Each structure stands twice: as C-alpha cells, then as structure tokens.
Asker: 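Quick one: structure below, then a few questions.
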Amino acid sequence: MQKLLLAIEFIVVYIVIPSAIFLRFITLNRIAILIILCATSVVFLASEPEFSIKTLLRTKIKKGQILWVLKRFLLSVPALLLLGMILVPDDLFTVPGKDPLFWTGGSVIYILLSVIPQEILYRVFFFHRYRKLFPGKGLLLFASTVVFSFVHIIYLNLVAVALTLAGGYFFSKTYQETDSFLLTVIEHSIYGCFLFALGLGPAFS
C-alpha cells in the first residue's frame with residue numbers, strides 16, 4: 001500500500017500537474033507552481049530523519065568533478081551553436097551583445113527562481129523520495145531524466161523537450177555520481193544561461 005501511494009504521489013507531481021498546465025487546466029504562473037512544489041518538497045525533506053537539510057548547503061566540490069562538468073559543457077557547445085544557427089540565425093548572442101546588463105540580471109533571476117527550485121524538486125527530492133519506487137541507479141536516473149524533460153511540454157515546443165532530455169540526463173547523472181546539489185545547480189545554470197545567450201530563450205518561455 002505504501003508503495004502504491006508513493007507511485008500515485010509521483011504521478012500527480014511529475015505527470016498530472018505538468019499535463020494540467022499543458023492542457024490549461026491550471027493557469028497559475030509556472031514559476032509560482034514550481035516554487036510551491038519546491039517549498040513543499042523542502043518541508044518534506046526537512047522532516048525526514050534520513051535526510052540532512054545541510055546537503056543543500058554543502059559547498060565542497062572536488063576539482064575533478066567541476067572539471068568534468070566543464071569539459072562536458074565545452075564538448076556540447078558546438079552542437080548547441082549549430083542548433084542556434086539553424087533555429088535562430090538572426091538572434092545569436094543578440095541579448096548579451098546589445099544589453100549585457102539585462103542578460104546578467106535575467107540570468108541571476110533565472111538561477112534563483114528556476115534552476116535552484118528545479119534542482120531541488122527534480123534531483124534532491126526526487127532521488128531521495130523515489131529511490132524505492134525506482135530501484136537501481138540506472139532506473140532512477142532514467143526516471144529523473146524523463147520526468148524533467150516531460151515537464152517542459154508546458155512550453156509547447158519540441159526544442160525545449162529535446163534539449164531538457166539531454167540536459168536532464170547530464171544533471172541527474174552529475175547529482176547521482178557526486179551527491180552535490182551545488183555542482184548540479186552550477187551545471188544547470190551554465191547550460192541555461194548559454195542557451196539564453198544563444199537566443200533560444202523563447203523556447204523556454
């Protein structure tokens with residue numbers, strides 16, 4: 001019964017709610033919904049004896065881990081540039097080029113209101129809460145990747161879904177292997193800010 005209730009909770013949070021937003025049954029601001037879900041998950045995590053909330057505040061990152069994240073990003077840059085040249089050839093780097101202050105401010109807001117809540121909900125909470133529902137590292141990684149990509153149907157375009165399928169795998173893999181919330185936030189932020197700089201921001205708005 002406990003596992004059934006957990007499965008129902010998972011379906012509601014990660015399938016039903018995004019679907020309801022996509023179908024316009026829920027019209028509340030998307031960021032507001034994300035923050036509400038994130039806050040709820042933090043309350044749950046704080047009440048869990050098996051989880052230390054200090055995990056979110058741990059800042060120690062191994063040099064090799066950050067180097068691997070940066071290496072993977074640099075290897076991804078050519079593909080992202082090619083995508084930008086195909087989809088938004090006239091908008092490449094126009095925002096940071098014309099108004100770097102606006103892009104910088106927008107990036108900070110994006111990290112605070114989108115990246116951090118997403119990483120809490122889709123990595124920290126997900127990996128702790130549903131590890132029994134998806135036993136084994138491979139299955140848990142797969143489930144986290146898929147639901148992270150699925151939520152982006154709310155943006156009504158395949159580009160967002162495809163990019164977050166790849167990004168979701170990267171971020172989930174990083175969190176699973178390093179257990180570092182901070183490193184995952186850094187990696188997510190790097191990709192997100194770069195995509196906005198490229199001119200692909202409209203795909204996520």
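From a predicted model like this one, the values you see are computed outputs, not experimental measurements.
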Asker: Taking the six-membered ring for Trp, are Phe127 and Tyr122 closer than 6.0 Å centroid to centroid?
Answerer: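 No, the ring centres sit 6.0 Å or more apart.
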Asker: Could you tell me if the ring centre of Tyr130 sits under 6.0 Å from that of Phe126?
Answerer: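 Judged by ring-centre distance (under 6.0 Å), Tyr130 and Phe126 do meet the cut-off.
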Asker: Is a side-chain donor or acceptor of Thr55 paired with a backbone partner of Ser52 at a separation under 3.5 angstrom?
Answerer: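 Answer holds: yes.
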Asker: Taking C-beta and beyond as the side chain, do Leu182 and Leu57 meet within less than 4.5 Å on heavy atoms?
Answerer: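 Leu182 does not reach Leu57 side chain to side chain.
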Asker: Is it the case that the ring center of Phe10 lies less than 6.0 angstrom away from the ring center of Phe134?
Answerer: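 Ring centroids of Phe134 and Phe10 are less than 6.0 Å from each other.
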Asker: Compute the ring centroids of Phe73 and Tyr191, then answer whether they are less than 6.0 Å apart.
Answerer: yes
Asker: Does Phe170 have Arg72 sitting over its ring (NZ/CZ under 6.0 Å from centre, angle to axis within 45°)?
Answerer: yes
Asker: Taking Pro100's backbone N and O only, do any of them form a donor-acceptor pair with Thr104's side chain (distance below 3.5 Å, no angle check)?
Answerer: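 A pair under 3.5 Å: yes.
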Asker: Output, in order, the C-alpha distance, side-chain angles, deciding distance and verdict of side-chain hydrogen bond (donor to acceptor under 3.5 Å, both in side chains) for Ser180 and Arg58.
Answerer: CA-CA 7 Å; Ser180 174; Arg58 189 167 59 232; over 6 Å; no
Asker: In Å and rounded to the nearest 0.5 Å, what is the CG to CD distance from Leu113 to Gln118?
Answerer: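 If we round to the nearest 0.5 Å, Leu113:CG and Gln118:CD are 11.0 Å apart.
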Asker: Does this structure show an ion pair linking Glu9 with Arg129, if we count only N-O contacts that are shorter than 4.0 Å?
Answerer: yes
Asker: Does a salt bridge link Arg131 with Glu50, judged by any charged N lying under 4.0 Å from a carboxylate O?
Answerer: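 Here Arg131 pairs with Glu50 in a salt bridge, since their nearest N and O are under 4.0 Å apart.
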Asker: Would you confirm whether the ring centroid of Phe44 sits within less than 6.0 angstrom of the ring centroid of Phe125?
Answerer: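 When the ring centroids of Phe125 and Phe44 are compared, they turn out to be within the sub-6.0 Å range.
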Asker: Taking the six-membered ring for Trp, are His188 and Phe148 ring centroids under 6.0 Å apart?
Answerer: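 Yes, close enough.
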